[in-house]
Amino acid sequence: MREPKIYEMTGGYGFRLDIGIDPVSGKRKQKRFGPYRTKTETRRMLAQKILEIESGTFVNPQNIKIKGLFTSMVRT
């Protein structure tokens, strides 16, 4: 994976990461993160998100259903 570029955005800095491949279309899926106040904070979050994606613990908030959220809350 190529090192993502940190870019300026309204309110600070951000970055975009590949979060996987769409099984239907075969195209890569990307997600934008930010804004973060400083470049240092952005780099720290970038490293954290890369680690989450590579270890398989990253959860895309768009994929969470309300029923699944309640079920996971009841189990814990």
### Query
Can you list the residues that meet the side chain to side chain donor-acceptor pair (under 3.5 Å) rule with Glu8, with sequence neighbours excluded?
none
### Task
Only counting residues at least two apart or in another chain, list the ones meeting ring pair (Phe, Tyr, Trp, His ring centres under 6.0 Å) with Tyr36.
none
### Query
Atom CZ in Phe15, atom NZ in Lys5: separation rounded to 0.5 Å?
14.5 Å
### Query
From Ile19 CD1 over to Asn60 CG, what is the distance, rounded to the nearest 0.5 angstrom?
4.0 Å
### Query
Applying the salt bridge (Lys or Arg N to Asp or Glu O under 4.0 Å) test to Asp18, which of Lys31, Arg32, Arg28 qualifies?
Arg28
### Task
Kindly compute the distance separating CD (Gln48) from CD1 (Ile53), expressed to the nearest 0.5 Å.
11.0 Å
### Considering all heavy atoms, the nearest Leu17-Pro4 contact
CD2-CG, 3.1 Å
### Query
Can you name the residues that form a side chain to side chain donor-acceptor pair (under 3.5 Å) with Ser25, not counting sequence neighbours?
Asp22
### Message
Run the side chain to side chain contact (heavy atoms under 4.5 Å, CB included) test against Ile21 and tell me which residues pass, sequence neighbours left out.
### Response
none
### Query
Can you name the nearest heavy-atom pair linking Tyr13 to Thr42, along with the distance?
CB-OG1, 3.4 Å
### Message
Give me each pair satisfying salt bridge (charged side-chain N to carboxylate O under 4.0 Å, His left out) with a member in residues 37-51, each pair once, sequence neighbours excluded.
### Response
Lys49-Glu52
#### Entry: Heavy-atom pair of closest approach, residues Gly12 and Pro35
N-CB, 4.0 Å
### Summary
Those residues at least two apart in sequence (or on a different chain) that pass side chain to side chain contact (heavy atoms under 4.5 Å, CB included) with Ser55 are Thr57
